[in-house]
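The next block holds one structure in the form of structure tokens; read it before the comments.
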Amino acid sequence: MSLIVQKFGGSSVSDAEGIKRVAQRVVDTQAAGNEVVVVVSAMGDTTDELLDLADQITSAPSAREMDMLLSAGERISMSLLAMAIQEQGATAQSFTGSQAGMITDAIHGKARIIDVSPHRVKTALEKGDIAIVAGFQGMSRESQDITTLGRGGSDTTAVALAAALNADSCEIYTDVDGIYTADPRVVTNAQKIDEISSEEMLEMAASGSKILHLRCVEYARRFGVPLHVRSSFSTNEGTWVLPNPDDKIKIQEGEPMEQPIISGVAHDRSEAKVTIIGVPDIPGKAAELFGIVAGAHSNIDMIVQNVSTKGTGKTDISFTLPMVEGKEALEALRASQDAVGFDSIDYNDQVGKLSLIGAGMRSNPGVSYKFFDALHKAGVNVDMISTSEIRISIVTHADLLDTAVRAVHAAFGLDSEDEATVYGGTGR
Ligand code: ASP
Ligand code: MG
């Protein structure tokens, strides 16, 4: 008998019909001879709606109460799903994160998992029940309070449970058939990827691909959990995210033995670009600036420093950071202007980031040329560049981002003949 963890996102359980459809799928999986643990997200846009509600009450909600509020979304979907499964003649029990033994640190809103002891889930399975667990939440042993793992955290709950229960596989259900070579909402001819390494998936998630939570991919790689990303709206085989490239066992006769050079194009509209103009070009100034930004709890992504303008002894430093962290970082930087001795700050949130990802690029020359040539032909001006062994990223104007994604996708031969199916989801 196999143990399967299935995670269903908000768009799969957005209404009663969706919940019944998911229940059917879960019951079928059990009937096929498997033990099943289900992790659910809140229905549809519930989490956003709860956030909006809190915003109408206060502009400075307490972090503890916010987690109490947000964790309620997953409780609604887990209990309704248990009822729907019971209605179909199977037995099920739902559990909150804390009942399922998801122990976290005490940092509200972005708690980290420190221990998973799913005793009650195991007992339910032994009884022949389907166990349903509320995603994205846990409890701090220290404070005894309910915590949440951060937006999109249900994927991480599923992987953590799969690892703790030593599950045979972890299926992440979403509203597209798997992971695509680009967001099918932007590139209609994107192709479904059959298999991708965790390493490449990590770069995709870190580069703005929203299909899997970055922490979920990290967790899966760390604990060697293979992920199967697929649609709850079809029975098509999805994408396997494999923690260890040696797990690549599915190469069929006639298929090339080497992996493709490029696995996909990711994009991100959530960052802003900050330029510090006229920074004294002497040792220590960059450290000083980034120390100030770190002190404002902001994560810097790309960095570019120009050579200093001749004779002035001054240079410009640009970097990107998450737009939501922009305000605090800017305030901290402005407050330090005299001490650091720079001339001015330019803040631009009309930027977009595009990343080309593929483990094969480290051994293939000419990838950068093809990439920049495609951008040039599409009339896309490049503002910033950064690279890793398996990624090239650029920042451009937000309005040009979709054009840039399509151009690069086509240039690397990733366009397929068919249009990708997007089953649902508002993308909110
Ligand atoms: N419901 C939470 C969110 O919207 C967690 C999740 O969907 O994974 O972020
Ligand atoms: Mg989600």
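Quick note: residue numbers are just sequence positions, from 1.
Arg269 CZ: more than 12 foreign heavy atoms inside a 6.0 Å radius. By the 6.0 Å contact criterion, CZ on Arg21 is enclosed, its count of non-hydrogen atoms from other residues, nucleotides or ligands being greater than 12. Remark: His397 NE2 is packed, more than 12 non-hydrogen atoms of other residues, nucleotides or ligands lying under 6.0 Å away. The number of heavy atoms from other shown groups lying within 6.0 Å of NZ (Lys314) is above 12.
In this structure, the side chains of Lys353 and Met302 come closer than 4.5 Å at one or more pairs of heavy atoms.
By the 4.0 Å N-to-carboxylate-O rule, Arg230 lies close enough to Glu171 to be salt-bridged with it.
Residues that satisfy the side chain to side chain contact (heavy atoms under 4.5 Å, CB included) test with Ile300, not counting sequence neighbours, are Phe290, Val293, Ile303, Phe319. Legend: residues meeting salt bridge (Lys or Arg N to Asp or Glu O under 4.0 Å) with Lys122, ordered by chain and number and at least two apart, are absent. For Thr396, the side-chain hydrogen bond (donor to acceptor under 3.5 Å, both in side chains) test picks out no residue, with sequence neighbours left out. His409 pairs by the side-chain hydrogen bond (donor to acceptor under 3.5 Å, both in side chains) definition with Thr181, Asp415, not counting sequence neighbours.
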Output side-chain donor-acceptor pairs under 3.5 Å for residues 53-71, partner residues at least two apart or in another chain, one line each.
from, atom 1, to, atom 2, distance (Å)
Thr58, OG1, Ala60, N, 2.8
Ser62, OG, Arg64, N, 3.4
Ser62, OG, Glu65, N, 3.1
Arg64, NE, Asp145, OD1, 2.9
Arg64, NE, Asp145, OD2, 3.1
Arg64, NH2, Asp145, OD1, 3.0
Asp67, OD1, Gly109, N, 3.4
Asp67, OD1, Thr148, OG1, 2.7
Asp67, OD2, His108, ND1, 2.8
Asp67, OD2, Gly109, N, 3.1
Asp67, OD2, Thr148, N, 3.1
Ser71, OG, Asp67, O, 2.9
Ser71, OG, Met68, O, 3.0

Donor-acceptor pairs are to be reported for all side-chain atoms of residues 331-338 against protein atoms at under 3.5 Å, with residues two or more places apart or in another chain.
from, atom 1, to, atom 2, distance (Å)
Ser336, OG, Leu333, O, 2.8
Gln337, NE2, Asp343, O, 2.7

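In this model, no donor atom of one side chain and acceptor atom of the other lie less than 3.5 Å apart for Gln191 and Ser416.
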